[in-house]
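We use all heavy atoms of the structure for the numbers below, so side chains are in, but hydrogens, waters and symmetry mates are not. In each ligand, atom 1 is the first atom listed, and ligand 1 is the first ligand listed.
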Amino acid sequence: MTTFLISGGRGLIGKSLSKMLKIQGHKVYKLTRRPKRKGHIYWDPEKQSIEGKHLHEIDVIINLAGANIGEKKWSNKRKVELVNSRVNSIHFLKKCAVNMPELKYFISASGINCYGYNSPQEMTEKDSYGDDFLSTLVKEWETASHSFEDICPVGILRIAMVVDKRGGALDKIMKTIKFGLGSPLGDGQQYVPWVHIKDLCRMFVHCIEHKKEGVFNAANGYLSNKEFMKTISKKMKKPFFLPAVPRRVLSLVLGEMSTMLTESLKVSNDKIKKTGFTFTHQDFDAAMAEVVKKDH
Ligand SMILES: NC(=O)c1ccc[n+]([C@@H]2O[C@H](COP(=O)([O-])OP(=O)(O)OC[C@H]3O[C@@H](n4cnc5c(N)ncnc54)[C@H](OP(=O)(O)O)[C@@H]3O)[C@@H](O)[C@H]2O)c1
């Protein structure tokens, strides 16, 4: 049995991942600013405050904490919040690690939107960071994660859009389509990388079991936005006939955040596959079929 500490563990990914780890017989503590039940540990990275009583048990840290990228428009103030909630919280966790004598591995979430956009090529982990806001954020986030290498091996997953109807971007898109508003975004030709929640959680487990070091793209694949929206509509048995939402409208409504929807990104998943990891969802159609199953 391994004892895990998951920062941001009450969020979308943390819920599924902790469930998977518990089924496998592990002990999981979730670090949260709002503890509600047994197994939750209070912390507030901004105030550099943490409840210390279980830290000596921790074997592995899974870092998922960070203000939600898609929740609010990216004002300058929000941008600072998005960066600090990730970077400063890792630095604080590292300070706390002096009270974790058993710590053997640190793995952190990162974002696939780190390469810039609109390259015709598939981006691999060897490609450099882009120079837009998200790329800069990811660079700082990953640099903070790498600082744990002073203590233990470090793995970093560059996560694509998570396919799970219980939250995140897909939940919002499905709600729109439910009201009959299915249509492509922008010109619909831009590529969207995606990862199914179960494959993402399996990827965390794979990296932890094999103490994989370095960065890995976490994406089952990618498809055009038009195909993406059409597949969701089809699986939900909803219409898909409205004209595309123009890029300038998205930009007006969402500001700079709209780039996540309108710009194109193709990524390779060869590196994680070469470590022996296999994806269970081969294409987006199959992934969505599972998502819309009633009791998923
Ligand atoms: N879901 C995706 O599609 C996706 C894609 C790429 C990358 N990621 C990254 O993967 C990580 C986990 O994603 P998720 O979808 O599970 O996110 P989520 O549902 O938004 O959960 C993130 C958790 O971070 C904590 N948090 C929020 N603001 C914070 C702050 N200012 N300081 C410290 N902690 C804070 C919250 O925990 P408490 O309120 O309990 O403290 C929250 O439950 C995030 O860093 C996200 O950016 C997600």
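Contact analysis puts Arg86 in contact with ligand 1, with a non-hydrogen atom separation below 4.0 angstrom. Ligand 1 has no atom lying under 4.0 Å from any heavy atom of Gly70. Residue Ser7 places no heavy atom under 4.0 Å from ligand 1. The shell of residues lying under 4.0 angstrom from ligand 1, judged by heavy atoms, excludes Gly168.
In summary, the side chains of Gln190 and Tyr117 do not present any donor paired with an acceptor at a separation below 3.5 Å, with no hydrogens or angles considered. In summary, the side chains of Ser7 and Asn63 do present a donor paired with an acceptor at a separation below 3.5 Å, with no hydrogens or angles considered.
Other residues, nucleotides and ligands contribute over 12 non-hydrogen atoms within 6.0 Å of the NZ atom of Lys172. Around atom OH of Tyr191, no more than 12 heavy atoms belonging to other residues, nucleotides or ligands sit under 6.0 Å away. By the neighbour-count criterion of 12 heavy atoms within 6.0 Å, atom CG of Asp150 is densely surrounded, having more than that number from other residues, nucleotides or ligands. Within 6.0 Å of atom NZ in Lys226, 12 or fewer heavy atoms from other residues, nucleotides or ligands are found, so the atom counts as exposed in its surroundings.
Between Ser89 and ligand 1, a contact under 3.5 Å exists for no N or O pair. Here's the thing with Thr32: one of its N/O atoms is less than 3.5 angstrom from an N/O atom of ligand 1. At under 3.5 Å, a nitrogen or oxygen of Ile13, whether backbone or side chain, sits near a nitrogen or oxygen of ligand 1. Looking at ligand 1, you won't find any N or O of Leu31 less than 3.5 Å from one of its N or O atoms. By the 3.5 Å distance cut-off applied to N or O atoms, Arg34 is counted among the residues near ligand 1.
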Stepwise side chain to side chain donor-acceptor pair (under 3.5 Å) check, Asn220 with His196: CA-CA 7 Å; Asn220 291 65; His196 190 277; over 6 Å; no
Could you walk me through whether Val163 and Phe284 pass side chain to side chain contact (heavy atoms under 4.5 Å, CB included), step by step? CA-CA 9 Å; Val163 175; Phe284 187 63; 3.8 Å; yes
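Tested against Glu256 for a salt bridge (charged side-chain N to carboxylate O under 4.0 Å, His left out), the candidates Lys72, Arg78, Lys79 yield a single pass: Lys79. If you run side-chain hydrogen bond (donor to acceptor under 3.5 Å, both in side chains) between Ser110 and each of Glu142, Lys139, Arg158, only Glu142 comes through.
Less than 4.0 angstrom separates some heavy atom of Ala109 from each of these atoms of ligand 1: 10 (O), 11 (C). For ligand 1 and Ser85, the ligand atoms under 4.0 Å from any heavy atom of the residue are 30 (C), 31 (N), 32 (N). Within ligand 1, the atoms closer than 4.0 Å to a non-hydrogen atom of Ala160 are 3 (O), 5 (C), 6 (C), numbered from 1 in the order shown. Numbered from 1 in the order shown, with element, the atoms of ligand 1 that lie under 4.0 Å from a heavy atom of Ala65 read 24 (O), 34 (N), 45 (O). The distance from ligand 1 to the heavy atoms of Asn68 drops below 4.0 Å at these ligand atoms: 20 (O).
Nearest to atom 19 (O) of ligand 1 among the protein's heavy atoms is Leu12 N, 2.9 Å. In this structure, the protein non-hydrogen atom closest to atom 1 (N) of ligand 1 is Val162 CG2, 3.5 Å. Remark: minimum distance from atom 37 (O) of ligand 1 to any protein heavy atom is reached at Gly8 CA, 4.0 Å. Counting protein heavy atoms only, atom 21 (O) of ligand 1 is closest to Gly11 CA, 3.4 Å. Remark: minimum distance from atom 44 (C) of ligand 1 to any protein heavy atom is reached at Leu64 O, 3.4 Å. Scanning the protein for heavy atoms near atom 6 (C) of ligand 1, the closest one is Ile159 O, 3.1 Å. Scanning the protein for heavy atoms near atom 26 (N) of ligand 1, the closest one is Arg33 NH2, 3.5 Å. At the top of the distance list for atom 25 (C) of ligand 1, counting protein heavy atoms only, stands Gly66 N, 3.9 Å.
Relative orientation of the His26 and Phe4 rings is perpendicular, given thresholds of 30° and 60° on the angle between their planes.
Annotation: side chain to side chain contact (heavy atoms under 4.5 Å, CB included) contacts of Lys53 (sequence neighbours excluded): Glu51.
In Pro45, the part holding a heavy atom less than 4.0 Å from any atom of ligand 1 is the side chain. The side chain of Trp141, and not its backbone, has at least one atom closer than 4.0 Å to an atom of ligand 1 (non-hydrogen atoms only; side chain from C-beta on). When non-hydrogen atoms are compared, ligand 1 lies under 4.0 Å from the backbone of Ser110 (N, CA, C, O) but not from its side chain.
Closest of all the heavy-atom pairs between Lys273 and Asn269 is CE-OD1, 3.1 Å.
Between the CD1 atom of Ile208 and the CD1 atom of Ile61 there is a distance of 11.5 Å, given to the nearest 0.5 Å.
Without hydrogens or angle criteria, Arg202 side chain to Phe277 main chain gives no donor-acceptor distance under 3.5 Å.
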